[in-house]
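Right, one structure below, let's go through it.
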Amino acid sequence: MKTVQISLNSIDKVKSFVNEITKYDFDFDLISGRYVIDAKSIMGIFSLDLSKPIQLNIHVEEAAEADVVMEALSAYIIE
């Protein structure tokens, strides 16, 4: 599992983020405070406080797969 902080501070960012991660068969969880939601759910994402960074857990087995996903999501990741 790989964990990163992301920012989804606009409607367009949320839509493009969900479109990007639905291309992968892995599970993605977003964690904000005590809430854990499926990152592929637009409605779930809009139930979170999007003004703050959100923790993204990517459930992948191999490091090479994680690198591919990280590259695709680089626009959302907070360093």
Taking side chain as C-beta onward, heavy atoms only, is [X] less than 4.5 Å from [Y]?
X	Y	value
Leu50	Asn9	no
Leu56	Thr3	no
Phe46	Ile11	yes
Ile37	Leu48	yes

Those residues that, when tested against Asp25, pass side chain to side chain donor-acceptor pair (under 3.5 Å) (two or more places apart)
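Side chain to side chain donor-acceptor pair (under 3.5 Å) list for Asp25, sorted by chain: empty.
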Tell me, yes or no, whether the heavy-atom count around Tyr35 atom OH, taken from other residues, nucleotides or ligands under 6.0 Å, exceeds 12.
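For Tyr35, atom OH is not crowded (no more than 12 foreign heavy atoms under 6.0 Å).
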Are more than 12 heavy atoms from other residues, nucleotides or ligands located less than 6.0 Å from atom CD1 of Ile42?
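Correct, the count exceeds 12.
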If you round to the nearest 0.5 Å, how far is CG of Asp29 from CE of Met1?
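One gets 8.0 Å once the value is rounded to the nearest 0.5 Å.
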At what distance, to the nearest 0.5 angstrom, does CG of Asp27 lie from CG of Asn57?
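Answer for the CG-CG pair, Asp27 versus Asn57, is 11.0 Å.
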Could you list the donor-acceptor pairs under 3.5 angstrom formed by side chains in residues 12-23, with sequence neighbours left out?
unit_1 : atom_1 : unit_2 : atom_2 : d
Ser16  : OG     : Asp12  : O      : 3.1
Ser16  : OG     : Lys13  : O      : 3.2
Ser16  : OG     : Tyr76  : OH     : 2.7
Asn19  : ND2    : Lys15  : O      : 3.3
Glu20  : OE1    : Lys23  : NZ     : 3.3
Thr22  : OG1    : Val18  : O      : 3.1
Thr22  : OG1    : Asn19  : O      : 3.0

Identify the two heavy atoms, one from Ile45 and one from Ala39, that lie closest to each other, and give their separation to 0.1 Å.
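Closest approach of Ile45 to Ala39, heavy atoms only: CD1-O, 3.4 Å.
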Contact summary for Ile31 and Ile54, nearest pair of heavy atoms:
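Between these two residues, the closest heavy atoms are O-CG2, 3.5 Å.
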side-chain hydrogen bond (donor to acceptor under 3.5 Å, both in side chains), that's the test. Do Ser32 and Asp49 meet it? Break it down for me.
CA-CA 7 Å; Ser32 179; Asp49 180 1; over 6 Å; no
Tyr24 and Leu73: same hydrophobic cluster, using ILVMFWY side-chain contacts below 4.5 Å?
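Yes, same cluster.
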Spell out, yes or no, whether Phe26 and Val68 are grouped together once hydrophobic residues are joined by side-chain heavy atoms under 4.5 Å, including indirect joins.
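Yes, because Phe26 and Val68 connect within a single hydrophobic cluster, where side-chain heavy atoms sit under 4.5 Å apart.
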Please answer whether the main-chain N or O of Asp38 pairs with a side-chain N or O of Ser41 as donor and acceptor at a distance below 3.5 Å.
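Side chain of Ser41 to backbone of Asp38, a donor-acceptor pair under 3.5 Å: no, none is there.
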Applying side-chain contact (heavy atoms from CB on, under 4.5 Å), name anything that partners Met70, two or more places apart in sequence or on another chain.
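Per chain and number, Met70 pairs via side-chain contact (heavy atoms from CB on, under 4.5 Å) with Lys2, Val4, Ile58, Ile77.
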